[in-house]
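The structure under discussion appears below in the form of structure tokens.
Keep in mind the model is a prediction, meaning the values are calculated, not measured.
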Amino acid sequence: TQALRQGAAQGRFPSQLSEAAFNAIGQEGLRPFELATLRLQNMVGGILANWDDLAPEDPALTIQQGGTLVITSAGDEIYRFDDLGVLKYTPVDELLRVVQALGSAPKTAAP
């Protein structure tokens with residue numbers, strides 16, 4: 001609740017809501033509505049306010065959250081998964097097959 005009061009004092013949402021409003025969904029620990037409000041404050045006050053500085057030059061990368069790379073000790077890329085959008089994750093079974101195959105691959109002599 002201290003973070004909400006601090007944000008409200010600086011003119012960020014939700015300056016007009018009472019403390020009791022955050023108890024509607026839960027009252028223990030960091031309440032769900034409180035957490036969502038803090039995230040909204042961060043998005044509006046931090047991310048959106050500085051969008052021109054934070055956004056990637058390539059608009060196609062705006063929704064890409066990340067991905068997975070598997071690289072050998074020699075620096076060779078043997079697996080790559082690029083995030084396909086929001087809540088799209090690396091297929092774990094596929095990744096495990098690649099890593100397990102790497103573990104069973106014959107070792108080459110170091111130069």
In Å, rounded to the nearest 0.5 Å, how long is the span from CZ of R97 to CG of D93?
6.0 Å

Answer yes or no: is there a donor N or O on one side and an acceptor on the other, between the side chain of T72 and the main chain of A74, under 3.5 Å?
yes

In residues 45-53, what donor-acceptor pairs under 3.5 Å come from side-chain atoms, sequence neighbours left out?
unit_1, atom_1, unit_2, atom_2, d
N50, ND2, G46, O, 2.7

Tell me, please, which residues at least two apart from E57 pass salt bridge (charged side-chain N to carboxylate O under 4.0 Å, His left out).
none

Got a sec, which residues hit side chain to side chain contact (heavy atoms under 4.5 Å, CB included) with D58, two or more places apart in sequence or on another chain?
A60, L61

From Y79 atom OH to I71 atom CD1, the distance as rounded to the nearest 0.5 Å
13.5 Å

Starting at CG of L95, measure out to CG of L69 and round the result to the nearest 0.5 Å.
10.5 Å

